[in-house]
Each structure stands twice: as C-alpha cells, then as structure tokens.
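Sequence positions, counted from 1, serve as the residue numbers for this chain.
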Amino acid sequence: MKEGFRQSMAWLHTWSGLLVGWVLFAMFATGTSAYFRDDITLWMKPELHAAQAHAVPAPQAAEQAVARLQAVGEKSPRWFISLPDAHDPSMRITWAPAPAPKGDKAPKNQRRRFDSETLDPATGEPMVKARETRGGEFLYRFHFDLHYMPAIWARWIVGACAMFMLVAIISGIITHRRIFSDFFTFRPRKGQRSWLDGHNATAVLALPFHLMITYTGLITLMFLYMPWGSQTAYKGDEKTFFAEVFPSSNGNAKPSGERVALAPIGPMVARATEHWQGTPPGRITVELPNDANATVVLTRQSDITVSYKQPVMRFNGATGEMIGTQGDELSGAMQTHGVLYGLHVAHFATPLIRPLFFLCGLAGCAMVGTGLLLWAVKERQKYAKVLAKGGRVSFGLRLVDGLNIGAVAGVPLAIAAYFWANRLLAVDLPERTAAEIAWFFKAWGFVAVLGLLRPTRGMWLGLLVLDGLAFALIPVLNAFTTDTHLGVTLLNGPWPVAAFDLTVLGLGLLFLFSAWMLHKHKPKAKTAKVAKAVKPAAPKVDKATVAPQPAAATATLADKPAPSRGQPFLDGDGLPEVQGS
C-alpha cells in the first residue's frame, strides 16, 4: 500500500462503483418505485378507480375470498388471501397452479406463474373487469429478480452488485474526509468539480438511508448467500428451517388424498383478531385446501410494527381447531432479522414517511448516476490534447459513455414506456401483461443502442428531453384514456391516482430542467492565455554620472518580440504560466 490507505480506498471506491453502477442504477430506480407499488397498480387499473370501498369485517371478507377460490382454484395446492387494510381497501386472492399430471416434468429453472384476482370484499366478486397488468409488482420484482432469466441467477447477480455498493459506500466515506463539509459546497460550471460536488451532496443527503437499504437488501436474501449455518444446524433439512423462520410459508404438509371440505374460515379470523388484541390478520395462507391435511395459517397485519416478522396462528383446515401460535415472542436473532427486513420493505411507513423513503431513493439514483458520469468526465480530461487535434477517445471511455446513456437516460424512459403501454395497448390483447413488460425492455434497449452508437452531448440532450416529455405527458395520456384525470381526482379522489399523476409530472419537469441546463451551459472552446510581459524595474542611477545610451540599448522587454512557439510566457511571479489554469 505504497500510495497510502485513503488513496487505496479511493481506487476501491471508484472501481467498485463503476463496474456494477449501471445495474445498481436500474435497481435503485425500480426499487424506489416499489414504495408505492400498490398505488402504481391502482393507477394501471383504471377500471377500479370508480369502485367504492366498503368497510367489511375481516371474517366476512375472508369467507368471501374462500368462496371465490373454491370456484377458480379448487385443485390448487396453495391459496393466498390479502385482506383489506388502510393502504388498499380491495382484497386480493392468489392461487398456485394445479400440480402437473404424473409423468409430466416441469422445465427446470422455470418461474412458477400464479393466478390472481382483485375482489370486492363485500361481495367476493372480481372488481369490474380490470385489464391484465402486473402494475407496480413488476417494478418491485425487477429490482431483485430482474427478468427473462431464472430467479436464482438474478438474485446472485443482484447480491453481488449490492455487495459492491456497500464496499463503494464505506470506501467513499473513508476517502472523503471532508465529506460533510463538502455537502454544503457546490461549484457550478466547473466540470469535474461540479460533478464531484453533486455526487457528494446526493450521497451525504441520504447517507443513512443508503447504508441501510444496501445492507438490509443483502439481509433479505442472506439465507441464499450464506446457507452454511442453517445447513449445519438443521443437517440439510431446509424445509424445516424455512418453516420455522417463515411460518406463514410452511409447505411441509403432504396431501393425504382424502377429500374433506374446508372448515369455515371466519371463526378462525375472529379468534386470531381477538388473540392479537384487535389487530386483524393481513394475510391468510391455505395449504392443501379441501384435503384432510389442510392447514390454515393467519399472519397479523404488518403495518403496525417495524419488524417484518409478524406472529401467526395455525389452524387445522379440516376441523377448524387451533394447532398453535408462533412468533408472539421472538428470539433476539429473529427479532433483529425481522426489523432489518422490515426496514428494507418499509411496510410500516406512514403516509408521511413513505414519501421520505421515496425521495431518499431518488437521491440514491442521483448518487449512482453522478458517480458514473464523474468517472467519464475525469477520464475524458486525459484526452484533451487528442480531442483538440481531432482525435478520438479510447474504446473503454466510449463504452462507458454509451453505458451511462443506456442506464441513466434509458431506465427512466423504460419505466415511462411501461406506463404508456398500459394505457395504449388494447384492453383485451392476449398476453397483455407480457406485452406491457416487453415495451419496458424495448424502450430500454432502444436507448442503450443509441448510446453505444453515438455517445455524444447531443444524444444526452435529446434523450433527456424525451424522458421529460414521456413522464410529463402521462397525466395528459391519463386524461384522454380515462375519466379519472387530475381535474377529477384532485377534488374527489381517488387520491393515490392524483398523487401518481403529480409525481410523474414532477419527474418529467425535472428531466426537462436538466435538459435545459445542459443546453444552456454549452462548453466553450478554450483559448490559450497570453500573459502580459512585465517591465522590470529600472535600477536607480545618478544621471549626472551616466552617459546617454543609444536607443537600441534602452529598449524595454515590452519592445521585444513575443517568445517563439514552445517558449513559456511568464506570469506576474516570473514563473511559467500553466496554460488553461
């Protein structure tokens, strides 16, 4: 470590952030949107905007959900019911696909596709025929599952990027010893210094959030990345381990083959609510419905505590008898894991805290984006003389410039295209959900190709304008395609739809402002500075004793010709002037 510890950390900070920065930007952008995934899903289902929410007791809503599941998922091995809460007055049911016939093998590494419906809690019927869409769930899943690849591969990739991010944050703190004082310093129109100031400001602004969200993101998948402890303690029995750690997802039960009607679920919900002192269940899982070994697991609502781990009650699905409770008193390790997990998903966040998390996520996007651009700006300075002579930068710098455009300008356009596709695609289009997602990747790929082909300042300007228009015009698109535009929702609701329109409008104006600033501050051609020659002071002499000299001999330095090319001018201190300083 000849160059010193801090200098080594600077090198580590640069490369740990650069190598995975483009994936990190996509993760931050889509993960930030997940704080309002339910609101995004509601906006993307305009058929539900006019639906009236009914205050329905939890036992009645659960009975309605089970009745619907008996009709649409009778042969399913597992049911999931999300009961209404303060965030979403509707009710959602999900059921796993029926088992494949004996002898048929499902393809390896294929994601399991679950069917789902949104129900009216009062009637148990699907709420109007809403268009097929994954809504905010796609953006949420993308930030840790990516897409078009096996989920296990995606989670390893995301975990590696998160670890690089954590290293970059810690090394950045060590490198910038004046990081907090630099937070209050911003020097505009100073090239590399301006990008560094912006990077420092956005990093320090939400530094606790950045550390928390990165570390807890790793914690959410810790059993995938570090399975050796559980494997040793449970001797390789992963099913038993996960049944104890995540009791609501216990899938150890095996079908008996004996068909038995499911016991009424309303009394189970009422008993659980009483046990939790008035807090109703938020989620119900039914394992092996209509089987003698059926099990009903009720999980308490998760928006009343920071911890993601909520107590559960387990009932015999055939008889309705309570089997037992779990999680009322957690161990220190379980409680710690639950709190860290809960901090990441932020189910506890109130209507005031959730926007704060969203703003911190946007600051994270700016931090990653400015970091990527800072490296390119700094590297480009090495080619100043080459560019002045009409040369070109290296392939590596050109590649980074193109990838920067593809990520920083491409991901926002992809998200906007996803929203536009939701409104413009035909409602009855076959495989409509997949078509919406495809437009997300088409827009992203389009920008990525343009960036790699022409990574220029003009390309940045054009794409920023396109991003701005794509977001700012979404409320206009909503007004032309639905009856719940801002003129209606701002007065009568639904408020999540109004908030969505205002948010995308604000993001669009932010992109347009960035484009205007880029256009306004055009780079000026640098000209060589010519220092004025300094006339040396004449020595004091006695005129009476000095004979007159010829005119040629008394010429001053200013009368002499300028230095020839390659000869340095002198500044006021008599030192060679640094050109361009």
Visitor: Do Thr94 and Asp115 touch side chain to side chain, with heavy atoms closer than 4.5 Å?
Guide: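 Side chain of Thr94 against side chain of Asp115, heavy atoms only: no contact under 4.5 Å found.
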Visitor: Show your working on side chain to side chain contact (heavy atoms under 4.5 Å, CB included) between Ile284 and Val269 and close with a plain yes or no.
Guide: CA-CA 9 Å; Ile284 301 174; Val269 174; 4.0 Å; yes
Visitor: What closest approach, in Å, do Met91 and Asp120 show between heavy atoms, and which atom pair accounts for it?
Guide: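 For Met91 versus Asp120, the nearest heavy atoms are CE-O, 4.4 Å.
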Visitor: Taking all atoms of both residues into account, what is the closest heavy-atom pair of Val411 and Ala26, and its distance?
Guide: CG2-CB, 4.0 Å
Visitor: I'd like to know whether CG of Asp328 has more than 12 heavy-atom contacts from other residues, nucleotides or ligands below 6.0 angstrom.
Guide: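 Yes, because the 6.0 Å sphere around CG of Asp328 holds more than 12 heavy atoms from other groups.
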Visitor: Given Trp43 and Ile474, is the side chain to side chain contact (heavy atoms under 4.5 Å, CB included) satisfied, shown in steps?
Guide: CA-CA 11 Å; Trp43 185 90; Ile474 287 177; 3.6 Å; yes
Visitor: Show the nearest heavy-atom pair for residues Phe25 and Gly369, with the distance to one decimal.
Guide: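 Shortest heavy-atom contact: CD1-N, 4.1 Å.
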Visitor: Distance alone, cut at 3.5 Å: any donor-acceptor contact between the side chains of Thr433 and Arg134?
Guide: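 Side-chain D/A pair, Thr433 to Arg134: absent.
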Visitor: Starting from the C-alpha separation in whole Å, work towards a yes-or-no answer on side chain to side chain donor-acceptor pair (under 3.5 Å) for Ser116 and Arg92.
Guide: CA-CA 7 Å; Ser116 63; Arg92 190 172 185 82; 2.8 Å; yes
Visitor: Where is the tightest heavy-atom contact between Gln64 and Ala122, given as atom of each residue plus distance?
Guide: NE2-O, 3.2 Å
Visitor: Start with the C-alpha distance between Phe348 and Tyr308, add both sets of side-chain angles, then the distance that settles ring-ring contact (aromatic ring centres under 6.0 Å, His included), and finish with yes or no.
Guide: CA-CA 9 Å; Phe348 65 92; Tyr308 182 76; over 10 Å; no
Visitor: Mark yes or no for whether Tyr225, through its side chain, and Gly159, through its backbone, hold a donor-acceptor pair below 3.5 Å.
Guide: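 Yes, Tyr225 side chain to Gly159 backbone: donor-acceptor pair under 3.5 Å.
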Visitor: Any luck finding a side-chain donor-acceptor pair between Asn290 and Gln70 under 3.5 Å?
Guide: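 Present: a donor and an acceptor within the cut-off.
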Visitor: Take atom CD of Glu274 as the centre, draw a 6.0 Å sphere, and report whether it contains more than 12 heavy atoms from other residues, nucleotides or ligands.
Guide: no
Visitor: Could you go through the side chain to side chain contact (heavy atoms under 4.5 Å, CB included) check for Leu473 and Trp420 one step at a time?
Guide: CA-CA 10 Å; Leu473 293 178; Trp420 278 76; 3.8 Å; yes
Visitor: Are the side chains of Val286 and Leu262 in touch, meaning some heavy atoms are under 4.5 Å apart?
Guide: yes
Visitor: Within the structure provided, determine whether His337 and Met222 are in side-chain contact (heavy-atom separation under 4.5 Å).
Guide: yes
Visitor: Would you check if there is a donor-acceptor pair between the side chains of Thr305 and Gln310 at a distance under 3.5 Å?
Guide: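 A donor-acceptor contact under 3.5 Å links the two side chains.
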Visitor: Return the minimal non-hydrogen interatomic distance between Pro121 and Pro84, and the atom names on each side.
Guide: CG-CG, 3.6 Å
Visitor: Strictly below 4.0 Å, N to O, side chains only: are Glu436 and Arg131 in salt-bridge contact?
Guide: no
Visitor: Looking only at atom types and distance, does a side-chain atom of Thr482 sit under 3.5 Å from a main-chain N or O of Ala479, one as donor and one as acceptor?
Guide: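 Side chain of Thr482 to backbone of Ala479: no pair is present.
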Visitor: Quick check for you: to the nearest 0.5 Å, what is the distance between Leu69 atom CG and Phe80 atom CZ?
Guide: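 It comes to 11.0 Å.
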Visitor: Any chance you could measure Leu413, atom CG, to Leu466, atom CG, to the nearest 0.5 Å?
Guide: 5.0 Å
Visitor: Is a side-chain N or O of Arg283 found less than 3.5 angstrom from the main chain of Ile81, in a donor-acceptor match?
Guide: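 Pair absent, no side-chain N/O of Arg283 close to backbone of Ile81.
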Visitor: Is it true that Phe144 and His344 have ring centroids separated by less than 6.0 Å?
Guide: no
Visitor: Do Thr285 and Val312 come close enough that some side-chain heavy atom pair is under 4.5 Å?
Guide: no
Visitor: What class does the angle between the rings of His143 and Tyr140 fall in, given that below 30° is parallel, 30 to 60° is tilted and above 60° is perpendicular?
Guide: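 It falls in the tilted class, 30° to 60°.
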Visitor: Hey, do the aromatic rings of Phe142 and Phe440 have their centres closer than 6.0 Å?
Guide: yes
Visitor: Can Phe471 and Phe511 be said to form a side chain to side chain contact (heavy atoms under 4.5 Å, CB included), step by step?
Guide: CA-CA 9 Å; Phe471 275 103; Phe511 279 113; 4.0 Å; yes
Visitor: Is Glu117 salt-bridged to Arg68, cutoff N-O under 4.0 Å?
Guide: yes
Visitor: Treating Trp79 as the side-chain partner and Pro289 as the backbone partner, does any N or O pair qualify as donor plus acceptor under 3.5 Å?
Guide: no
Visitor: Look at the side chain of Arg78 and the backbone N and O of Ala96, then say whether any donor-acceptor pair between them is shorter than 3.5 Å.
Guide: no
Visitor: Look up atom CE in Met165 and atom OG1 in Thr214, then write down how far apart they are to the nearest 0.5 Å.
Guide: 4.5 Å
Visitor: Determine whether more than 12 heavy atoms belonging to other residues, nucleotides or ligands lie under 6.0 Å from atom CE of Met163.
Guide: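 No, CE of Met163 has 12 or fewer neighbouring heavy atoms, counting only those of other groups under 6.0 Å.
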Visitor: Do Phe500 and Ile40 make a side-chain contact, defined as non-hydrogen atoms from C-beta onward lying under 4.5 Å apart?
Guide: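 They are in side-chain contact.
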Visitor: Quick one: SG on Cys161 to CG on Leu166, what's the gap to the nearest 0.5 Å?
Guide: 13.0 Å
Visitor: Can you confirm whether Tyr215 is buried at OH, in the sense that more than 12 heavy atoms of other residues, nucleotides or ligands lie under 6.0 Å from that atom?
Guide: no
Visitor: Is the side chain of Glu125 donor-acceptor paired with the backbone N or O of Leu119 at a distance under 3.5 Å, no angle test?
Guide: no
Visitor: To the nearest 0.5 Å, how far apart are CG in Asp501 and OG1 in Thr484?
Guide: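 Rounded to the nearest 0.5 Å, the CG-OG1 separation comes out at 8.0 Å.
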Visitor: With a 4.5 Å heavy-atom cut-off, do Leu362 and Thr202 have their side chains touching?
Guide: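 Heavy-atom side-chain distance check fails, nothing below 4.5 Å.
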Visitor: Which pair of non-hydrogen atoms, one from Ala363 and one from Leu205, has the smallest distance, and what is that distance?
Guide: CB-CD2, 4.4 Å
Visitor: Do Arg259 and Asp291 meet the salt-bridge criterion of a basic N to acidic O distance under 4.0 Å?
Guide: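 Looking at Asp291 and Arg259, the cut-off is not met.
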Visitor: Dump the intermediate steps for side chain to side chain donor-acceptor pair (under 3.5 Å) on Thr279 and Arg300, then the final yes or no.
Guide: CA-CA 7 Å; Thr279 302; Arg300 191 177 67 180; 5.6 Å; no
Visitor: How about Thr325 and Arg314: does a side-chain donor come under 3.5 Å of a side-chain acceptor?
Guide: no
Visitor: Could you grab the distance from atom NE2 of His49 to atom CG of Asn478, nearest 0.5 Å is fine?
Guide: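 One gets 7.0 Å once the value is rounded to the nearest 0.5 Å.
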Visitor: I want to check a possible cation-pi pair here: Arg354 against Tyr35, using under 6.0 Å from ring centre and within 45° of the ring axis as the test.
Guide: no
Visitor: Ring-plane angle category for Phe138 and His147, please: parallel below 30°, perpendicular beyond 60°, tilted otherwise.
Guide: perpendicular
Visitor: Got Val368 and Val408 here, is their nearest side-chain heavy-atom distance under 4.5 Å?
Guide: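 When only atoms from C-beta onward are counted, Val408 and Val368 do not touch, as no gap falls below 4.5 Å.
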Visitor: Any side-chain to backbone donor/acceptor pair from Glu137 onto Arg37? Under 3.5 Å, distance only.
Guide: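 Not confirmed, Glu137 side chain does not pair with Arg37 backbone.
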Visitor: Do Phe315 and Met313 have side chains that approach each other closer than 4.5 Å (heavy atoms only, starting at C-beta)?
Guide: yes
